[in-house]
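Worksheet for the structure shown next.
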Amino acid sequence: MPYDLWYWPTIPGRGEFVRLALEAGGIPYRDRAREEGEDALIADMAGHDAGLAFAPPYLVADGGTIAQTANILLYLGDRHDCAPGGIRQRHWIAQLQLTMMDMVAEAHDVHHPIAVDLYFEDQKPEAERRALAFREQRITKFLNYFSRALAAQPGDWLGGTRWSYADLSLFHLLAGLRYAFPLRMAALHDRYRALAALHDRVAALPELSDYLASPRRLSFSEEDIFRHYPELDAP
C-alpha cells in the first residue's frame, strides 16, 4: 500500500527532501496535496486527534502520522533501501540529516529574520545584516562540516559505498543554496569541489532520472525556503 505524503502543493520546500528519498528508493507514495489541493491538506491536519503533526511535511504510514523531515527520513531508512544497514551508520546518516535541517532553517531565516508572518520587504535591513553573516560565516561552517563528513567515509557517499537519503538531501540543499546565493556559491565552488561532485553524482543517479526530468520536480521560487533576492547575495 503506498504511503501518503502531505506537503504544500506549490513549492519544493521541506517536502522535497522526503520526495527525493521516496523517488530514488522506488517507494510507492501518493502526493496527496498535489492531487487534491491545499484545502485538503489543511482539512487533513485539522482531523488529527493523535500523533498530530506540527506542520507539513508528514507521512501517513502504518496507521499513524510521522512528521518532521529528518524523522520521516529516519523511518524510511529503517524500512527501505535508502540508508546503511548497521545501526551505527544509520544514526550517523540521521545526524547528518539533522544538521542539514539546521542549515535549511538558517537559510530560510536570512530572508525572514524578524518574523515569518512579515513580508521580506518589511524586514529588508535586518535581512541584509543576516545575509552578510550567513554568507561569510555560516555557509562555510556548514559546508566545511559536510566536506569533512564526506571525506571520513571510504566511498563516494556520506554513508560509504552507496547513496543514502542524506546524499539526496545534500544534493537538494546545495541546489537551494546555489539558487538563493549564486554569487557566493560560485565563489566557493573550488573550495568545495568534493561536495559539488556529490551533487552531480546524485543528479546522475538512474533512480532519479525520470523524476528530475519531470514537472513533478518543482523549481525554486520566492515562495519557497530558498529564495533569491539579489540584495542578499554577494561573492
Before we go on, tell me: are the rings of H172 and F220 under 6.0 Å apart, centre to centre? yes
Closest heavy-atom pair, G77 versus Y165, reported as atoms and distance to 0.1 Å, is CA-CE2, 4.2 Å
Separation between CG of D200 and CG of L205, rounded to the nearest 0.5 Å: 11.0 Å
Compare every heavy atom of A166 with every heavy atom of M100, then report the nearest pair and how far apart it is. CE-O, 3.2 Å
Got S169 and F17 here, is their nearest side-chain heavy-atom distance under 4.5 Å? yes
How far apart are the C-alpha atoms of R216 and D31, what are their side-chain angles, what is the distance that settles it, and do they pass the side-chain contact (heavy atoms from CB on, under 4.5 Å) test? CA-CA 10 Å; R216 293 181 295 118; D31 212 333; over 6 Å; no
Evaluate the side-chain proximity of P235 to R184: yes if any heavy-atom separation is below 4.5 Å, no if none is. no
Going by heavy atoms in the side chains, are V104 and L173 under 4.5 Å from each other? yes
Would you check, one step at a time, whether the test side-chain contact (heavy atoms from CB on, under 4.5 Å) holds for L174 with M185? CA-CA 9 Å; L174 291 170; M185 292 300 290; 4.3 Å; yes
Would you check if the side chain of R34 reaches a backbone N or O of P9 as a donor-acceptor pair within less than 3.5 Å? yes
Would you please classify the geometry between the H108 ring and the H111 ring as parallel, tilted or perpendicular, with 30° and 60° separating the classes? perpendicular
In this structure, which one of D156, L198, L96 forms a side-chain contact (heavy atoms from CB on, under 4.5 Å) with L150? L198
Could you measure the distance from the CD atom of E16 to the CD1 atom of I225? Nearest 0.5 Å is fine. 10.5 Å
Could you grab the distance from atom CD of Q137 to atom CG of L132, nearest 0.5 Å is fine? 7.5 Å
Is there side-chain contact between R138 and V110, with heavy atoms separated by less than 4.5 Å? no
Distance col, row Q153:CD vs W92:CH2, nearest 0.5 angstrom, shows 6.0 Å
For the residue pair Y29 and E23, confirm or rule out a side-chain donor-acceptor distance under 3.5 Å. yes
So do the side chains of R130 and D109 get within less than 4.5 Å of each other, counting heavy atoms only? yes
Should we say atom CD of E106 is surrounded by more than 12 heavy atoms from elsewhere, each under 6.0 Å from it? yes
Heavy-atom side-chain contact between F146 and M103 under 4.5 Å: yes
Do you know the tightest heavy-atom contact between P57 and L5? CB-CD1, 4.4 Å
To the closest 0.5 Å, what do you measure between CZ (R30) and CD (E35)? 4.5 Å
Quick check on the 6.0 Å ring-centre criterion: do H48 and Y58 meet it? yes
Ring centre gap for H80 and Y3 strictly below 6.0 Å: yes
Any ion pair linking D167 and R162 (charged N to carboxylate O, less than 4.0 Å)? no
What heavy-atom pair brings P12 and R19 nearest, and what distance separates the two atoms? O-NH1, 4.0 Å
Looking at E136 and K141, is any side-chain nitrogen of the basic one under 4.0 Å from a carboxylate oxygen of the acidic one? no
State, yes or no, whether a side-chain contact exists between L59 and L76 at a heavy-atom distance under 4.5 Å. yes
State the CD-CD distance between Q123 and E121, to the nearest 0.5 angstrom. 9.0 Å
Heavy-atom check, side chain of I66 versus side chain of N71, under 4.5 Å: yes
Return the minimal non-hydrogen interatomic distance between S221 and Y179, and the atom names on each side. CA-OH, 3.6 Å
Both conditions, 6.0 Å and 45 degrees, for the charged tip of R201 above the ring of W157: are they met here? yes
Note: R90-D78 ion pair, threshold 4.0 Å (strictly below): yes
Would you mind checking if R129 and E126 are paired as a salt bridge, meaning a charged N to carboxylate O distance below 4.0 Å? no
Listed once per pair and sorted, the salt bridge (charged side-chain N to carboxylate O under 4.0 Å, His left out) pairs that draw on residues 219-235, sequence neighbours left out: K124-E231
Minimum heavy-atom distance between N144 and Y192, given as atom pair plus value: OD1-OH, 2.7 Å
So F181 and F134, would you call those rings parallel, tilted or perpendicular, with 30° and 60° as cut-offs? tilted
